[in-house]
Amino acid sequence: MINIIREKIFESIKAQGLKPPAKSKINVEYPKLQKFGDYSSNVALSLAKKYKKKPMLLARKIAQNISMDALFKSVSAEKPGFVNFQISRMHLMKFLPKIVEQEDKFGSDMEKGKGKKILLEFVSANPTGPLNIVNARAASVGDSLANILSFLGYKVEKEFLINDAGNQVDLLIKSIEFELNILGHREIEEFEGRYLGDYVQKLAKKFLSEETILVFQVPYKERLQKLREFALNEIISNQRFTLKLFNVCFDNWISEQELRDRGCIEDALTYLAETENTYDKDGAVWFCSSKFGDEKDRVIMKTDGGITYLVPDLAYHITKYKRGYHKIIDIFGPDHHGYTPRLKAGIAALGFNPKLLSFILLQQVSLIYENEKVKMSKRRGKIITLQQLIDEVGTDVARFFFLMRKLNTPLDFDIHLAKEKSNENPVYYVQYAHARICSILQNANKKRLRLRSFRPRYLNRLRFEEELDIIRHLYKFPELILHIGKNYDLNLMTKYLTDLAALFHSYYQKVRIISPKTKELSLARLFLCKTIKITIHNGLNLLGVSAPKKM
RNA sequence: GCGCCAGUAGCUCAGUCGGAUAGAGCAACGGCCUUCUAAGCCGUAGGUCAGAGGUUCGAAUCCUCUCUGGCGUACCA
């Protein structure tokens, strides 16, 4: 609708012999107050100066030219110079049957992203322990965004990079070896950076029990290798399992080790050197990322001959580019905020288009435990895991909760509050609306009131303002999805659903849906309920939250 | 020091591209179940949008400065 209105305004300005602005520059928005209509535009205000006309007069002219259109009940000019549009009742009523026709597809627009491939990388946690709360936020955001983009016709691939090579994993393996030695009553020295979580001990125990007695008889190096395979396998499958419980499935799991084995690292280093973007200094090799917008140059090969993380990550991103996506999105946690410029610099230096790559930067999640913020550290073993979160509040609540806030604001997650208040939770509020409708529909069925016998003309019986308000809200759903697909404002979906549920609950309280004496009215209301149900279902579904039929 | 993100009701937060009278939920207070699910509804109260300037028809939103908080600022990943 927004585009239609833009079009109409465009034509209207043209009809006045004025040169209209680009259609995309015509601002159409939802007014805050009902009395200003369903849509509103400020073109007259913003263009008044350019045309040397009074805003109000201009607004009136624009409105006049459009006002005869059957789409609108009214098009009017208001106070300072807004043009306000009210959608006609007829148009709204014609819209409802489309929702039922489209059912699961309502809200989607497969043309939007047709033929375009998007790669979405998220979570990509180190395989050094269970997934934590920040990973959970990333999982929630990434998966829901993927759903919405797919709903818009993009071909989306969800990807998880396993950082199974490098320092942190080495430390983890040594930490398990440490526990192993304790279990075997052997002497072992403490070392810097040892992982302390419970799971380290558990892994050691499990390793012992599964590998039987041979563990200490094989040479150190071989044992470490076996341990490595074992531990990575355990941890990664555990992460996968938990993600599945969280309703998140990845299309691709990429192993960093594999990338290294394939020689991608060397390739990346060679490319960088060939393009003359590296130099030696202080015994290390540097990448002059500052030439590409980074604030300073970065070391890529350390004095000890090892590479820094940028290199494998760059190598990995090269493979992304080579796979030919139209858009590459990385979702990063708060610890990577300073990292993105150098990655982009690397991409640019290698001759790829950095504009294809965009970042979603999540802010921190702090856990509130008994009114105190818990600082998490994976190595010290102080973490709240995703698994625990699922156990305590459930997947639905957790996923919805993470999406209720803007992505770039820090999130305080009070675990007790989320648990205690689960009855008052917005998730339940929305789900309850869905369940209620299911129940009503069932009830109607029992009373032999079949939607089959519904006819569109019955909708004329809907005479309450509440009913129109609901339809207006439903009308916005497809536009909302387009908006989120563009701006990634996932929190707007939770807001939308909460608002829709509120409209319904209030309506339900006021009106009896099924009344045996008025069959046509009842059917019209049932039909309306069904469209609400479909919309809530689709919305929740996109967020990875279930829409229960009973509660 | 520099960079990023934030500061809106007692608490947690919305507020879409700068729009018209600032919005929810929780907590508080007062009502509503013989009727399709009370996990619900209706009402009351609660605000110097951190502060000061600026930009303009119009600012919570944009710019500058100040204050407060978080994070980043590695030859970690």
Side-chain angles (χ1 to χ4, degrees), chain A residues 24-33 35-36 40-42 45-46 48-49 54-55 78-82 84 124-126 128 163 166-169 171 193 256 282-286 295-296 298-310 312-313 334-341 361 363-364 366 404-406 408-412 414 417 421-429 431-433 435-444 446-447 479-480 483-484 486-487 489 491-492 494-495 498-499 501-502 504-515 522 525-526 529 550-551:
Chain A
S24 58
K25 291 272 169 67
I26 298 176
N27 194 347
V28 177
E29 64 193 7
Y30 304 122
K32 226 178 311 186
L33 294 171
K35 66 170 179 177
F36 296 130
S40 170
S41 177
N42 63 356
L45 285 163
S46 55
K49 217 170 234 176
K54 293 217 164 120
E78 293 294 337
K79 263 194 299 187
F82 291 101
N84 295 335
S124 295
N126 278 340
T128 53
N163 282 271
N167 220 346
Q168 296 303 326
V169 175
L171 282 172
E256 186 186 326
D282 306 333
V285 183
W286 295 67
E295 60 186 33
K296 61 180 179 189
R298 308 288 172 174
V299 168
I300 51 172
M301 192 181 282
K302 301 182 270 185
T303 37
D304 67 5
I307 47 167
T308 61
Y309 179 67
L310 179 60
D313 204 26
D335 47 342
H336 280 66
H337 284 194
Y339 175 75
T340 55
L361 299 176
Q363 281 290 344
Q364 193 168 6
S366 311
M404 274 166 38
R405 280 151 184 84
K406 277 185 300 186
N408 59 357
T409 57
L411 166 59
D412 285 348
D414 188 327
L417 209 67
K421 278 199 193 161
S422 61
N423 281 352
E424 316 254 340
N425 208 298
V427 193
Y428 291 103
Y429 184 76
Q431 287 180 323
Y432 184 52
R436 252 185 171 173
I437 294 174
C438 289
S439 170
I440 294 169
L441 290 173
Q442 219 172 29
N443 205 284
K446 269 188 218 147
K447 294 186 176 158
E479 287 168 1
L480 172 74
H483 178 84
I484 297 175
K486 199 169 144 196
N487 300 313
D489 292 330
N491 60 307
L492 294 180
T494 58
K495 172 118 171 31
T498 312
D499 288 347
F504 169 72
H505 285 309
S506 174
Y507 175 59
Y508 171 87
Q509 215 71 32
K510 175 166 179 177
V511 153
R512 206 168 160 81
I513 310 291
I514 304 168
S515 43
S522 297
R525 286 181 175 164
L526 275 175
C529 284
K550 249 187 195 161
M551 286 176 76

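Keep in mind that the numbers below use all heavy atoms, side chains included, and drop hydrogens, waters and symmetry copies. By convention in this document, chain letters (A, B, ...) are assigned in the order of the sequence lines, proteins followed by strands, and residues within each chain are numbered from 1.
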**Prompt:** Counting side-chain heavy atoms from C-beta on, which of B:rC41, B:rU16, B:rC36 comes nearest to A:Y30?
**Reply:** B:rU16
**Prompt:** If you look at every strand shown and take non-hydrogen atoms under 4.0 Å, does A:S515 touch a base, only sugar-phosphate, or nothing?
**Reply:** nothing
**Request:** Provide, to the nearest angstrom, the distance between the NZ atom belonging to A:K510 and the P atom belonging to B:rC42.
**Result:** 11 Å
**Asked** Under 4.0 angstrom, heavy atoms only, what part of the nucleic acid is A:K406 near: base, sugar-phosphate, or nothing?
**Response** sugar-phosphate
**Asked** Quick one: A:N491 CG to B:rA24 C1', roughly how many Å, whole number?
**Response** 13 Å
**Prompt:** Has the side chain of A:N42 got a donor or acceptor that lies under 3.5 Å from a partner of the other kind on the base of B:rG19?
**Reply:** yes
**Prompt:** So, do A:F82 and B:rA20 meet the stacking rule of ring centres under 5.5 Å and planes under 30°?
**Reply:** yes
**Request:** Answer with base, sugar-phosphate or nothing: what part of the nucleic acid does A:N27 contact at a heavy-atom distance below 4.0 Å?
**Result:** base
**Message:** Applying a 4.0 Å non-hydrogen cut-off, can you work out what A:H483 is touching in the nucleic acid: base, sugar-phosphate, or nothing?
**Reply:** base
**Message:** Does the structure show a Watson-Crick or G-U wobble partner for B:rC13, both distances under 3.5 Å? Name it, or say none.
**Reply:** B:rG23
**Asked** Can you check whether A:F36 stacks with the B:rA20 base, using ring centres under 5.5 Å and planes within 30°?
**Response** yes
**Complete:** Residue pair A:G283/A:Y507 against RNA chain B: nearer the 5' end by closest nucleotide is A:Y507
**Prompt:** Applying a 3.5 Å limit to both distances, which nucleotide forms a Watson-Crick or G-U wobble pair with B:rU61?
**Reply:** none
**Message:** Syn or anti for B:rC11? Use the chi torsion, O4'-C1'-N9-C4 for purines and O4'-C1'-N1-C2 for pyrimidines, with syn inside 90° of 0.
**Reply:** anti
**Message:** I'd like to know if A:S506 reaches the base of B:rC41 with its side chain, counting only an N/O donor and acceptor under 3.5 Å.
**Reply:** no
**Message:** Any N or O donor-acceptor pair under 3.5 Å from the base of B:rA77 to the side chain of A:T128?
**Reply:** no
**Asked** If you check the A:R512 side chain, which of B:rU37, B:rU35, B:rA20 turns out closest?
**Response** B:rU35
**Message:** When you measure only distances, ignoring hydrogens and angles, does the side chain of A:D499 come within 3.5 Å of the base of B:rA14 through a donor and an acceptor?
**Reply:** no
**Complete:** Separation of B:rC41 atom P from A:R436 atom CZ, nearest Å, is 7 Å
**Opposite nucleotide pairing with B:rC32, Watson-Crick or G-U, both atom distances under 3.5 Å** = B:rG40
**Prompt:** Which nucleotide in the set B:rC36, B:rU21, B:rA14 lies at the smallest distance from any side-chain heavy atom of A:K35?
**Reply:** B:rU21
**Asked** Rounded to whole angstrom units, what separation is found between the NZ atom of A:K495 and the P atom of B:rU12?
**Response** 20 Å
**Request:** Please tell me which of the listed nucleotides, B:rA77, B:rG70, B:rU12, lies nearest to the side chain of A:N126?
**Result:** B:rA77
**Item:** Options B:rA77, B:rC71, B:rU37, nucleotide nearest the side-chain atoms of A:T308
**Value:** B:rA77
**Request:** Measure the distance between the ring centre of A:Y428 and the centre of the six-membered base ring of B:rA39, then answer whether it is under 5.5 Å with planes under 30°.
**Result:** yes
**Request:** Have a look at A:A48 and say if it touches a base, only the backbone sugar-phosphate, or nothing, with a 4.0 Å heavy-atom cut-off.
**Result:** nothing
**Message:** Base, sugar-phosphate or nothing for A:V511? Non-hydrogen atoms, less than 4.0 Å.
**Reply:** base
**Message:** Does B:rA74 have its OP1 or OP2 closer than 4.0 Å to a side-chain nitrogen or oxygen of A:K296?
**Reply:** yes
